[in-house]
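In each ligand, atom 1 is the first atom listed, and ligand 1 is the first ligand listed. Remember, predicted model here, so these are calculated numbers, not experimental data.
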Amino acid sequence: MSTDFTPALKLDLGATPPGQTQSAASAEAAGESEIHDVVIVGSGPAGYTAAIYTARAHLNPVVLAGSVTAGGDLMNTTEVENYPGFTDGIMGPELMSTMEAQAERFGADIRYEDAIKLDLAGEIKEITVEGGQVLRAKAVILATGSAYRELGLEDEKRLSGHGVSWCATCDGFFFKGQNIAVVGGGDSAIEEATFLTKFADKVTLIHRRDEFRASEIMQKRAFDDPKIEILWNKQVIGISGEAKVEELSLEDTVTGEVSPLAVTGLFVAIGSDPRTALFKDQVEITPDGTVAVQGRSSKTSLPGVFAAGDVLDPTYRQAITAAGSGCVAAIDVEHYLAGHGA
Ligand SMILES: Cc1cc2nc3c(=O)[nH]c(=O)nc-3n(C[C@H](O)[C@H](O)[C@H](O)COP(=O)(O)OP(=O)(O)OC[C@H]3O[C@@H](n4cnc5c(N)ncnc54)[C@H](O)[C@@H]3O)c2cc1C
């Protein structure tokens, strides 16, 4: 994913006094008069890492952490064993509160609010939060993450981190010697299933149609793997288990017949949606639905607007890659502001 953007604006942020444009004046009326150096939208590993770096660079970041989803995706999981620095692993929520505390230690202004509107095109960006307050900033980091698609079943959330997972790389290790299932029919479902055979004794791949959408080469991988059993024309309509997943209810999509499948894990691999609704009409978006960035940088198609984490990443989507990407965005913001005399 490498896109070249030509900056559309030449900025002189340091010299622009507040309240010069009409929209800035209306923003001032609705909110704070201060123009922040940087506002970070999102408080997952990408947002908090960007906050740590920008705070340490004296850019006084404001972090819009989200009203109910502060801390991001890792708040929905139990043990995280692959984030470096924690020999015995760490619980997802604890990892995120540690990152938050680290950002606060350096002075990040963390607000548990959602951005509801972004105006990113001008020199001064306007970020409207719930309640109508408008924040203004010279730079914005978009770190809103990506939502894994869910099956929408009653017990799916309850058993998340207790057998239900959306990430084989993250959780496969916990299923050594077990019988587990993967739902989906695309490349990523087959990739997850074949990866999981490293750990599980048996992986049942459940697909609601009688053929895969996945590429030929991926399909062959699944067909050739003795540990993978494919169940065609089946959809999961129930997940049961007290403390952990014990059984799935499968419905035949042709006959309607319902049958049980005893498994201890269910990996949902039916895609994910980068959270771009607030800004997809303003910055360039890739065919994958992620924010397009220039080369290895975090620069989006708009000057002063940077992206970090899963919102720009169709491939890796790990806490550590999101954190690394937050670092990139923070350094890009530093360079951008320095280059414009801020
Ligand atoms: C159940 C589960 C388990 C996982 N386990 C692991 C694991 O063990 N190891 C690993 O490396 N990775 C794991 N992952 C993947 C990892 O969580 C993600 O790759 C990582 O969280 C992405 O970080 P991010 O900062 O890009 O986005 P997120 O963590 O998704 O954070 C997005 C942030 O954006 C905020 N936001 C969104 N919209 C708005 C808005 N309008 N206004 C304000 N804020 C907004 C949200 O509140 C949230 O704070 C797991 C994911 C899931 C779902």
Legend entry - Polar side-chain atom of Thr197 near backbone of Thr194 as donor-acceptor pair, under 3.5 Å: yes

Legend entry - Pair Thr264-Val245, side chain to side chain contact (heavy atoms under 4.5 Å, CB included): steps then yes or no: CA-CA 5 Å; Thr264 49; Val245 171; 5.8 Å; no

Legend entry - Ala143: numbered ligand 1 atoms lying under 4.0 Å from its heavy atoms: 32 (C), 33 (C), 34 (O)

Legend entry - Salt-bridge contact Asp273-Lys280 (side-chain N to carboxylate O under 4.0 Å): no

Inset, instruction - Classify the angle between the aromatic ring planes of His207 and Trp232 as parallel (below 30°), tilted (30 to 60°) or perpendicular (above 60°). - result: perpendicular

Inset, instruction - Indicate yes or no: does an N/O atom of Arg317 lie under 3.5 Å from an N/O atom of ligand 1? - result: yes

Legend entry - Check: Tyr148 N/O within less than 3.5 Å of ligand 1 N/O: no

Legend entry - Parallel, tilted or perpendicular: ring planes of Phe175 versus Phe267, cut at 30 and 60 degrees: perpendicular

Legend entry - Gap between atom NE2 of His162 and atom NZ of Lys244 - 0.5 Å precision: 8.5 Å

Legend entry - Distance in Å, Arg158 CZ paired with Leu153 CG, rounded so as to fall on 0.5 Å steps: 12.0 Å

Inset, instruction - Check whether any N or O atom of Asp310, backbone or side chain, sits under 3.5 Å from an N or O atom of ligand 1, and answer yes or no. - result: yes

Legend entry - Option set Ser165, Ser43, Gly145, criterion heavy-atom distance to atom 33 (C) of ligand 1, minimum: Ser43

Legend entry - Check: Gly309 N/O within less than 3.5 Å of ligand 1 N/O: no

Inset, instruction - Just go through Ala147, Ala115, Pro274 and tell me whose heavy atom is the nearest to atom 42 (N) of ligand 1. - result: Ala115

Legend entry - atom 11 (O) of ligand 1: nearest protein contact (heavy atom, Å): Ala319 N, 2.8 Å

Legend entry - Nitrogen or oxygen atoms of Asp73 and ligand 1 under 3.5 Å apart: yes

Legend entry - Atom indices of ligand 1 within 4.0 angstrom of Gly66 heavy atoms, with elements: 43 (C), 44 (N), 47 (O)

Legend entry - Residue, atom name and distance, where the atom is the protein heavy atom closest to atom 25 (O) of ligand 1: Ala46 N, 2.9 Å

Inset, instruction - Decide whether an N or O pair under 3.5 Å exists between Val41 and ligand 1. - result: no

Inset, instruction - Would you mind finding which of Ala70, Gly44, Pro45 brings a heavy atom closest to atom 21 (O) of ligand 1? - result: Pro45

Legend entry - Interfacing atoms of ligand 1 (cut-off 4.0 Å, heavy-atom, Asp114): 42 (N), 43 (C)

Legend entry - Contact (N/O only, under 3.5 Å) between Trp166 and ligand 1: no

Inset, instruction - Mark up the atoms of ligand 1 that fall under 4.0 Å of a heavy atom belonging to Leu278, in ascending order. - result: 41 (N)

Legend entry - Under the salt bridge (Lys or Arg N to Asp or Glu O under 4.0 Å) test, residues paired with Glu246 that sit two or more places apart: none

Inset, instruction - Could you tell me whether some N/O pair between Cys170 and ligand 1 is separated by less than 3.5 angstrom? - result: no

Inset, instruction - Taking Arg275 for its side chain and Thr144 for its backbone only, find out whether a donor-acceptor pair lies under 3.5 Å. - result: yes

Legend entry - Ligand-residue contact atoms, ligand 1 with Leu74, heavy atoms, under 4.0 Å: 4 (C), 5 (N), 6 (C), 13 (C), 14 (N), 17 (O), 50 (C)

Legend entry - Aromatic ring pairing His340/Tyr336, orientation class (parallel under 30°, perpendicular over 60°, tilted between): tilted

Legend entry - Check: Ala50 main-chain N/O paired with Thr54 side-chain donor or acceptor under 3.5 Å: yes

Inset, instruction - May I ask whether Cys167 places a heavy atom under 4.0 Å from ligand 1? - result: no

Inset, instruction - For ligand 1, find out whether one of its N or O atoms is nearer than 3.5 Å to an N or O atom of Thr77. - result: no

Legend entry - Nearest-0.5 Å distance that lies between atom OG1 in Thr128 and atom CG in Leu64: 10.5 Å

Inset, instruction - Answer with side chain, backbone, both or neither: which part of Asn82 has a heavy atom less than 4.0 angstrom from an atom of ligand 1? - result: side chain

Inset, instruction - Please check if atom OH in Tyr316 has more than 12 non-hydrogen atoms from other residues, nucleotides or ligands closer than 6.0 Å. - result: no

Legend entry - Atoms of ligand 1 close to Glu113 [distance to a heavy atom under 4.0 angstrom, numbered from 1]: 43 (C)

Inset, instruction - Please confirm whether Lys176 makes a cation-pi placement over Phe174, using NZ or CZ under 6.0 Å from the six-membered ring centre and within 45° of the ring normal. - result: no

Inset, instruction - Flag Arg275 as yes when one of its N or O atoms lies below 3.5 Å from any N or O atom of ligand 1, and as no otherwise. - result: yes

Inset, instruction - Taking only heavy atoms of Leu64 into account, list the atoms of ligand 1 that are under 4.0 Å away from them. - result: 43 (C), 44 (N)

Legend entry - Glu81 near ligand 1 by a heavy-atom separation under 4.0 Å: no

Legend entry - Identity of the nearest option to atom 36 (N) of ligand 1, non-hydrogen atoms only, from Asp171, Thr144, Val311: Thr144

Inset, instruction - With atom 31 (O) of ligand 1 as the reference point, say which of Gly47, Gly72, Ala50 has the nearest heavy atom. - result: Gly72

Legend entry - Where ligand 1 meets Thr69 - atom numbers and elements under 4.0 angstrom, heavy-atom basis: 46 (C), 47 (O), 48 (C), 49 (O)

Legend entry - Top protein contact for atom 35 (C) of ligand 1, by heavy-atom distance: Gly42 CA, 3.5 Å

Legend entry - Donor-acceptor side-chain pairing of Ser160 and Asn76 below 3.5 angstrom: no

Inset, instruction - For Arg105, look at atom CZ and say whether over 12 heavy atoms of other residues, nucleotides or ligands are found less than 6.0 Å away. - result: no

Inset, instruction - Before giving the answer on salt bridge (Lys or Arg N to Asp or Glu O under 4.0 Å), spell out for Asp313 and Arg317 the whole-Å C-alpha distance, their side-chain angles and the decisive distance to 0.1 Å. - result: CA-CA 6 Å; Asp313 185 351; Arg317 294 198 302 238; over 6 Å; no

